[in-house]
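See below for the structure under consideration.
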Amino acid sequence: MKPFFIYNTLSRKVEEFVPLHPGVVTYYSCGPTVYLPQHLGNMRSYLFTDTLKRALRLNGYEVRHVMNITDVGHMTSDQDAGEDKIEKTARAEGRSPKEVADYYTELFIHNLEMLRIEKPTVPPGQFCRATEHIPDMIALIQRILDRGYAYVVHSGVYFDVEKWRGPGRMGRLSRQSLEEQFAEQRLEHASDKRSKHDFALWVLNQPGHLMQWDSPWGRGYPGWHIECSAMSMKYLGETLDIHSGGLDHVPIHHENEIAQSESATGKPFVRYFVHNAFLVGMEGAKISKSSGRFPVLADLVAVGIDPIAFRLFCFGAKYRSELAFSLDAVRAAQRNLDYLTEFARGVPDGIAHGADSDWPQPYFERFHEALNNDLNTPQALAVVLDLVGESYRRNDKRIWNTLARMDTVLGVDFEGIRRRAASERLPAEIEALRAQRDEARKKKDFARSDALRNELLARGYEVKDTPAGTVVQRRN
RNA sequence: GGCGGCGUACCCAAGUGGUUAAGGGAGAGGUCUGCAAAACCUCCAUUCAGCGGUUCGAAUCCGCUCGCCGCCUCCA
């Protein structure tokens, strides 16, 4: 078994990954807040999660993965009051918060499917909705209260940061002291919190808020960190192997999650924190929802790019590096996908079902090692392309099983492509055009032959005159 | 103000102390082909923002300068 290395934000080092329980990895990744479509930057993050899961599985681990969907609770401004983003959208669109959340949840899942991102495994194929875990959150808040790390005032239940100070506590992840974090606080807080550092676990007395639940402290709604702690611990236990999310979550969200979780359980919350860098746009600026305009997957599809090309595009950069988005760069990935697709279509059943040659094995080793080296997907992708190129050169396509194993992480679906191509039937009219063209070529009537080729192309079919005969296939 | 990151060819992007600086896209030439497509071959950074330093040796470590960006407010 090869060791698997991953960068741990807690230590700021690449570490060998060793799970708490042999053979099993407990993994929680932060999911979306569903009030707008997920943009390409968000999708990069979920692709990273997917790649991590798949790479762990390649190493023989069973991955118990939980992902949340936040359908309540995030404020447009901090201080735990303000307007809930879902409610904001609801008002703007004249719908109920639930309708908004359901709509964007569905859209999100559809996007995942297009990118062939696997769904969480705990519960199987399900996402954990915050609104369905209110009792779990209340129970966790009660635990924190019981241990004296929270207090109740008029505006809500707050986590008592002052009590939780000390070495290895607040600031452990971000490496900033509270004073540093709040050195230039841009928002005034007008509440009855004991300290400006305290954050809400449960918000009370916000009558304007649409989504409210009963609690031991009164009617209200959860603070925006508590759902992740409650749901992750409910399904995965009090200590998780891996917790991932965007880099922006390091200083506040994950810091607070650690505080509220560890104060409640007295145990380490997360063993490996993993954070992905952003997709950036022009001039390296972050693509984000709050910045207004942002590209979504549908925009790529609209200009003829396969979602899987975006998958390969993201595979082409390390998850910890910013990735510069441009249509040109995504088109380059589309060319890679076309190349791989072309190869897969040309592999016959006999080879696909037979054994591989010996020579591809080292390629798999290199692929595996690249992934185990802190998920070096660009190198892994380079190996895949090398392997296919070498197969062409040797005129030996007996690499199919090797490719299939790589595909468990790459996610191109080589076998699906191959099978679809193999079972493809040409419509009668296309078949007729092909026959006419063959006839014309036989007579060396190349003008007519070329005209027929153009006709086929116009109808979406490619013509290739190979030594083995003419092949007509639908353009992918 | 604090914390953090980045700057590698026309574009995207690996490499982070030691063979000729991965890979892809674009571009140029070639093989094959009636032509085309596909595929393959060749070429395409004596150089890693700049300047100093450490070292036998640096794109990789240190310092300074310039430029860009992120977080500290909901954010992947």
Side-chain angles (χ1 to χ4, degrees), chain A residues 12 29-33 35-36 38-49 70 73-79 82-85 88 171 174-177 179-187 224 244-253 275-280 283-291 294 312-313 316-336 338-339 342-343 345-346 370 376-386 388-389 391-393 395 441 444-447 449-450 453-454 457 462-467 471 473 475:
Chain A
R12 306 271 165 113
S29 62
C30 284
T33 306
Y35 64 98
L36 282 176
Q38 299 300 303
H39 56 64
L40 291 175
N42 297 130
M43 298 323 291
R44 181 191 186 198
S45 188
Y46 304 124
L47 279 168
F48 153 66
T49 293
T70 302
H74 284 199
M75 304 297 112
T76 50
S77 67
D78 195 21
Q79 305 320 313
E83 194 174 18
D84 184 306
K85 285 188 165 178
K88 187 179 172 189
S174 63
R175 306 246 166 138
Q176 280 187 287
S177 70
E179 286 68 25
E180 283 170 340
Q181 278 194 40
F182 290 84
E184 185 176 305
Q185 201 170 31
R186 294 186 217 164
L187 291 168
W224 75 277
S244 75
L247 216 45
D248 51 343
H249 281 329
V250 172
I252 299 290
H253 186 50
H275 295 95
N276 64 281
F278 299 120
L279 183 70
V280 297
E283 279 127 37
K286 174 186 171 188
I287 291 170
S288 72
K289 286 177 186 166
S290 47
S291 69
F294 49 85
L312 289 185
F313 168 69
K318 284 204 64 176
Y319 74 95
R320 284 199 288 128
S321 298
E322 284 184 346
L323 172 57
F325 174 79
S326 72
L327 219 43
D328 277 354
V330 176
R331 288 211 170 97
Q334 177 72 55
R335 297 283 299 127
N336 282 161
D338 291 344
Y339 176 75
E342 182 66 23
F343 179 84
R345 296 173 72 130
N376 194 327
T377 52
Q379 279 186 356
L381 179 59
V383 173
V384 173
L385 295 170
D386 279 352
V388 172
S391 170
Y392 273 121
R393 256 169 258 132
N395 194 23
R441 285 189 75 220
K444 305 234 183 261
D445 182 356
F446 295 123
S449 159
D450 289 349
R453 178 169 58 206
N454 288 335
L457 203 58
E462 270 176 340
V463 179
K464 294 175 192 171
D465 298 315
T466 71
V471 176
Q473 59 184 204
R475 296 194 67 189

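On a predicted model such as this, the values are computed, not experimentally measured, just so you know. Note on naming: letters A, B, ... go to the chains in the order of the sequence lines (proteins, then strands), and numbering restarts at 1 for each one.
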Considering every strand shown, what is the Watson-Crick or G-U wobble mate of [N] when both distances are under 3.5 Å?
N	result
B:rC40	B:rG30
B:rG70	B:rC3
B:rA21	none
B:rG63	B:rC51
B:rA14	none
B:rC35	none

Worksheet entry | Pairwise 5' ranking along RNA chain B for A:Lys464 and A:Leu323, keeping only the more 5' one |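 The answer here is A:Leu323.
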Fill in: 5' priority, RNA chain B, between A:Phe446 and A:Gly316 [closest heavy atom]
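With A:Gly316 and A:Phe446 compared, the 5'-side residue is A:Gly316.
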Under 4.0 Å from OP1 or OP2 of [N]: is there any side-chain N or O of [X] that close?
X	N	result
A:Ser321	B:rA14	yes
A:Arg441	B:rG34	no
A:Tyr339	B:rC40	yes
A:Asn42	B:rC75	no
A:Arg453	B:rC35	no

Worksheet item: With a centroid cutoff of 5.5 Å and a plane-angle limit of 30°, would you call A:Tyr392 stacked on B:rA39?
Response: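 Base of B:rA39: not stacked against A:Tyr392.
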Worksheet item: In terms of side-chain heavy atoms of A:Glu322, which of B:rC69, B:rG24, B:rC40 is nearest?
Response: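 My answer, after comparing the listed nucleotides, is B:rC69.
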Discussion item. Is the ring pair A:Tyr319/A:Phe48 parallel, tilted or perpendicular, if the boundaries are 30 and 60 degrees?
Written reply: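 Correct class here is parallel.
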